[in-house]
Student: 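So that we are looking at the same thing, I have put the structure below in structure tokens.
Given the structure is predicted, the values throughout are model-derived calculations rather than measurements.
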Amino acid sequence: MLGRAAFSRTGSFRPENLGQNAMAMIGNVCFSFFVIGVLVFTIMAATYEPEDPLFHPSTKITTFLTSKSNATFKSDNSVVRTGEDFMAANETAFGSIINSTDVDNLASAEIIDAGDAAAATQCDVSGPIDCKDPEVFHLMMRATIDKFQDIHFYRFGKPAPGSNDSTCDMAWRFRPKEGKAAAFYKDYRRFVIDRSENCTLSVVSIGEYHTGVNARKRKKHQKAGLEKTPLNLDQVNALPVVGEIVNDSLPVVESESSFIHGKYLIYEGGGDRCKSMNHYLWSFLCALGEAQYLNRTLIMDLSICLSSIYTSSKQDEEGKDFRFYFDFEHLKEAASVLDKEQFWADWNKWQQKDGMSLHLVEDFRVTPMKLMDVKDALIMRKFGSVEPDNYWYRVCEGETESVVQRPWHLLWKSRRLMDIVSAISSKLNWDYDSVHVVRGEKARNRELWPNLDAHTSPYALLSTLHDKIDEGRNLYIATNEPDTSFFDPLKDKYTTHFLDEYKELWDENSEWYSETTKLNNGNPVEFDGYMRVSIDTEVFLRGKKQLETFNDLTSDCKDGINTCNVAAN
């Protein structure tokens with residue numbers, strides 16, 4: 001028995017069976033490799049987290065924001081890019097530029113129309129300047145076009161009387177000649193006008209940015225003094241106009257009837273509060289995108305928490321108003337939104353009386369597609385306390401990301417902040433170069449950025465800038481270096497400028513201070529770290545030549561040693 005068993009076990013190794021055994025072994029080995037490969041791939045797929053494209057260089061971010069990618073967020077204190085940053089700055093879309101020839105043609109046409117009446121008019125040398133006189137208007141336009149050589153003009157408003165008999169105020173819409181941002185700007189200045197003994201008019205001086213306050217507000221239905229027909233009127237009307245009066249008052253429900261017939265969406269709770277501004281917007285725009293997909297009004301909390309990465313106290317700060325940072329006027333005109341406090345006041349007033357119902361959703365995996373048929377007046381998404389599953393943006397992940405699009409075009413930067421950017425650029429006549437110098441903690445961390453401190457030293461900067469920026473130019477330095485005297489050696493070759501030179505634009509006597517105080521119920525608003533970095537960056541981006549720290553000044557990588565190739569992919 002034993003011999004027979006032993007013989008039967010070794011029988012498979014007989015010569016006639018070796019081919020079959022070899023084939024079986026090869027098949028087993030191949031199948032094992034296949035199983036191992038599937039297992040490795042499954043583990044990689046389950047644990048992979050995509051890098052956050054929001055923190056790529058500017059050349060990458062447009063692709064990201066127009067894609068459907070998800071993002072896992074990390075702390076970041078960079079400035080958020082918003083809808084207007086991704087509009088194509090196609091010069092043909094802005095309309096025709098007004099030049100001196102256009103003014104001359106207008107003047108000739110008006111002289112012909114006036115006939116001999118103008119010649120018969122008596123000249124009173126000692127009388128006040130008539131700001132409504134077409135000759136005065138033509139003179140002011142010519143003087144403006146001659147003085148500001150680095151901007152293009154698209155509209156001139158009719159002059160208004162100034163502060164005395166020899167001054168007139170005039171407004172105009174413009175863009176810098178080398179402007180990359182898809183936006184218009186509005187300026188209004190005070191002109192001092194002189195009349196000689198032979199009645200010849202001349203402009204004595206043109207005031208500083210926004211001094212012509214009597215010309216700021218354009219009356220309803222009043223035609224511009226001179227404006228060519230835009231080539232694409234719809235696109236022009238969709239552009240931000242920095243410098244116009246901002247109306248970001250809260251929208252109000254017109255009546256009980258309109259309220260009870262509305263459909264609403266609200267997000268409650270979650271872990272997004274006090275995160276970076278990038279994180280906040282990624283989640284907020286997910287909510288706004290879902291509201292638009294469901295054809296519902298988004299109920300939004302205008303009170304936001306500013307992360308400690310932007311505050312002087314280094315603590316998270318509650319009670320910041322959304323309107324301090326973003327253009328709420330554009331948002332409320334382009335989308336259906338209501339303030340949270342106002343909504344709950346109306347809801348408590350009319351909900352029981354009119355039988356308005358609420359649909360509660362407590363799982364972010366319930367997709368917007370599953371809520372399309374909900375008839376209740378209010379859909380409330382309630383988020384828990386466990387991160388990251390309580391982040392709002394989780395709603396827009398998975399199968400939802402191909403259906404619900406984040407409406408970036410609805411979100412613009414605060415025009416009050418952008419007006420400060422315009423004021424600084426105007427004080428430099430829109431004719432300056434800029435350099436962004438990152439120092440601070442990164443310069444002190446030699447382990448991750450071994451060369452940054454040396455490469456951004458004043459004398460290293462002089463060497464780098466020598467072949468890139470012409471000597472004698474206005475040079476705006478955007479930097480996190482608190483001691484600007486650090487850059488004093490650059491003054492030998494350049495006229496240097498820093499953000500803090502323009503503190504009057506946000507101090508207690510400024511228009512920004514006055515308007516934000518009103519928004520904040522009479523309480524002064526701190527010009528915080530996010531506002532500073534936002535304005536510093538935007539002024540930098542309007543320089544004719546722009547040099548960035550990690551592209552132009554140092555060989556170090558933005559995110560630390562050995563990360564350059566990763567960031568570029």
Side-chain angles (χ1 to χ4, degrees), residues 57-58 76-79 150 176 178 180 209 309-312 314 417 420-507 510 527-560:
S58 57
D76 181 74
N77 60 358
S78 62
V79 174
D150 287 281
E178 299 185 21
K180 301 175 182 65
Y209 184 77
I309 60 178
Y310 309 117
T311 64
S312 57
K314 303 304 179 185
L417 292 180
I420 294 177
V421 174
S422 179
I424 294 173
S425 301
S426 293
K427 287 176 181 293
L428 295 171
N429 290 322
W430 296 89
D431 183 21
Y432 64 94
D433 300 316
S434 55
V435 58
H436 182 211
V437 183
V438 174
R439 289 188 54 79
E441 293 181 9
K442 288 188 176 182
R444 292 189 290 271
N445 189 334
R446 302 288 180 88
E447 185 176 340
L448 291 178
W449 296 277
N451 304 299
L452 182 60
D453 184 38
H455 288 172
T456 57
S457 68
Y459 296 102
L461 288 174
L462 279 171
S463 176
T464 303
L465 298 179
H466 176 72
D467 297 326
K468 296 180 171 66
I469 305 292
D470 293 338
E471 188 171 340
R473 291 279 295 162
N474 279 317
L475 180 66
Y476 184 86
I477 302 177
T479 183
N480 61 346
E481 173 60 52
D483 181 12
T484 56
S485 65
F486 175 82
F487 299 99
D488 279 354
L490 275 67
K491 292 181 179 180
D492 291 341
K493 291 194 173 182
Y494 306 103
T495 304
T496 57
H497 303 275
F498 302 90
L499 180 62
D500 279 339
E501 290 179 28
Y502 307 98
K503 286 182 177 179
E504 75 277 3
L505 297 173
W506 62 83
D507 68 15
S510 67
F527 191 72
D528 59 50
Y530 184 80
M531 297 171 183
R532 291 184 61 88
V533 175
S534 179
I535 290 174
D536 216 18
T537 302
E538 294 297 329
V539 176
F540 162 78
L541 290 173
R542 281 152 183 78
K544 288 186 173 179
K545 292 181 181 177
Q546 303 162 17
L547 301 182
E548 297 183 8
T549 302
F550 296 103
N551 290 331
D552 304 299
L553 305 182
T554 180
S555 57
D556 286 350
C557 304
K558 181 179 179 181
D559 296 318

Student: When Ile469 is tested against each of Thr464, Leu547, Leu461 for side-chain contact (heavy atoms from CB on, under 4.5 Å), which residue passes?
Tutor: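 Of Thr464, Leu547, Leu461, side-chain contact (heavy atoms from CB on, under 4.5 Å) with Ile469 is met by Leu547 alone.
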
Student: Got a salt bridge between Asp453 and Arg444, using NZ or NE/NH1/NH2 to carboxylate O under 4.0 Å?
Tutor: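 Between Arg444 and Asp453 there is no salt bridge, as every charged N stays at least 4.0 Å from the carboxylate O atoms.
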
Student: Check the pair Tyr502 / Ile535 against side chain to side chain contact (heavy atoms under 4.5 Å, CB included), numbers first and verdict last.
Tutor: CA-CA 11 Å; Tyr502 307 98; Ile535 290 174; over 6 Å; no

Student: Whether the Thr456 and Arg439 side chains hold a donor-acceptor pair (N or O, under 3.5 Å, no angle test) is what I'd like checked.
Tutor: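 Arg439 and Thr456 do have a side-chain donor-acceptor pair below 3.5 Å.
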
Student: Show, in sequence, the C-alpha distance, side-chain angles and deciding distance for Ser425 and Tyr476, and conclude whether the side-chain hydrogen bond (donor to acceptor under 3.5 Å, both in side chains) test is met.
Tutor: CA-CA 10 Å; Ser425 301; Tyr476 184 86; over 6 Å; no

Student: Looking only at heavy atoms, what is the nearest atom pair of Asn451 and Ser555, with distance?
Tutor: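 Looking at all heavy atoms of both residues, the closest pair is ND2-OG, 3.7 Å.
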
Student: Does Asp556 pair with Arg446 as a salt bridge, N-O distance under 4.0 Å?
Tutor: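 No, no charged N to carboxylate O under 4.0 Å.
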
Student: I'd like to know if the side chain of Thr311 reaches the main chain of Lys314, judged simply by a donor and an acceptor atom lying under 3.5 Å from each other, with no hydrogens or angles considered.
Tutor: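 Present.
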
Student: Which value, rounded to the nearest 0.5 Å, describes the distance between Thr537 atom OG1 and Arg542 atom CZ?
Tutor: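 One finds 10.5 Å between OG1 of Thr537 and CZ of Arg542.
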
Student: I'd like to know whether Val437 forms a side chain to side chain contact (heavy atoms under 4.5 Å, CB included) with Glu481, so could you lay out the CA-CA distance, the side-chain angles of the two residues, the decisive distance to 0.1 Å, and finally the verdict.
Tutor: CA-CA 8 Å; Val437 183; Glu481 173 60 52; over 6 Å; no

Student: Check whether any side-chain heavy atom of His455 lies under 4.5 Å from a side-chain heavy atom of Trp449, and answer yes or no.
Tutor: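 Not touching, per the 4.5 Å side-chain cut-off.
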
Student: Pick out which of Asp536, Ile420, Leu417 makes a side-chain contact (heavy atoms from CB on, under 4.5 Å) with Met531.
Tutor: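 Result for side-chain contact (heavy atoms from CB on, under 4.5 Å) with Met531: Leu417.
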
Student: When the ring planes of Tyr310 and Tyr530 are compared, do they come out parallel, tilted or perpendicular, using 30° and 60° as the limits?
Tutor: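 Because their plane-to-plane angle is over 60°, the rings of Tyr310 and Tyr530 count as perpendicular.
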
Student: Please round to the nearest 0.5 Å and tell me the distance separating atom OG1 of Thr496 and atom NZ of Lys491.
Tutor: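 Reported value, rounded in 0.5 Å steps: 5.0 Å.
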
Student: Please examine the side chains of Leu452 and Phe550, heavy atoms only from C-beta on, and report whether any two atoms are closer than 4.5 Å.
Tutor: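 Counting from C-beta outward, Phe550 and Leu452 do come under 4.5 Å.
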
Student: For residues Glu471 and Tyr494, report the shortest heavy-atom separation together with the two atoms involved.
Tutor: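 So the minimum-distance heavy-atom pair works out to CA-CE2, 4.0 Å.
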
Student: Could you check whether any side-chain N or O of Lys545 sits under 3.5 Å from a backbone N or O of Lys468, counting only pairs where one atom can act as donor and the other as acceptor?
Tutor: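 A pair under 3.5 Å: yes.
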
Student: For Glu447, does the CD atom have more than 12 heavy-atom neighbours from other residues, nucleotides or ligands under 6.0 Å away?
Tutor: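 No, because the 6.0 Å sphere around CD of Glu447 holds 12 heavy atoms or fewer from other groups.
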
Student: Yes or no on side chain to side chain contact (heavy atoms under 4.5 Å, CB included) for Leu490 and Leu475, after CA distance, side-chain angles and deciding distance?
Tutor: CA-CA 9 Å; Leu490 275 67; Leu475 180 66; 4.1 Å; yes

Student: Using every non-hydrogen atom in the two residues, find where Trp506 and Leu499 come nearest and quote the distance to one decimal.
Tutor: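 That would be CH2-O, 3.4 Å.
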
Student: Kindly indicate whether the side chain of Leu541, heavy atoms from C-beta on, has any atom under 4.5 Å from the side chain of His436.
Tutor: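 No. Closest side-chain heavy atoms not under 4.5 Å.
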
Student: Is there a donor-acceptor pair under 3.5 Å between the side chain of Lys558 and the backbone N or O of Asn551?
Tutor: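 Checked: no pair found.
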
Student: Compare every heavy atom of Asp483 with every heavy atom of Ser485, then report the nearest pair and how far apart it is.
Tutor: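 In this case the closest contact between Ser485 and Asp483 is OG-OD1, 2.5 Å.
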
Student: Any chance you could lay out the side chain to side chain contact (heavy atoms under 4.5 Å, CB included) test for Asn474 and Asp431, step after step, and finish with the verdict?
Tutor: CA-CA 7 Å; Asn474 279 317; Asp431 183 21; 5.9 Å; no

Student: If you round to the nearest 0.5 Å, how far is CZ of Phe540 from OG1 of Thr479?
Tutor: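 Here the interatomic distance stands at 11.5 Å.
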
Student: Of the non-hydrogen atoms in Ser434 and Gly543, which two are nearest, and what is the gap between them?
Tutor: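 Here Ser434 and Gly543 meet closest at OG-CA, 3.7 Å.
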
Student: Which residues pass the ring pair (Phe, Tyr, Trp, His ring centres under 6.0 Å) test with Phe486, not counting sequence neighbours?
Tutor: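 Once residues adjacent in sequence are excluded, Phe486 has no partner under the ring pair (Phe, Tyr, Trp, His ring centres under 6.0 Å) criterion.
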
Student: Quick check for you: to the nearest 0.5 Å, what is the distance between His497 atom NE2 and Leu428 atom CG?
Tutor: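 His497 atom NE2 to Leu428 atom CG measures 5.0 Å (nearest 0.5 Å).
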
Student: Nearest 0.5 Å, what's the NZ-CD distance between Lys427 and Glu501?
Tutor: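 Atom-to-atom, Lys427:NZ and Glu501:CD are 11.0 Å apart.
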
Student: Looking only at side chains, do Tyr432 and Thr495 share a donor and an acceptor under 3.5 Å apart?
Tutor: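 Short answer, no.
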
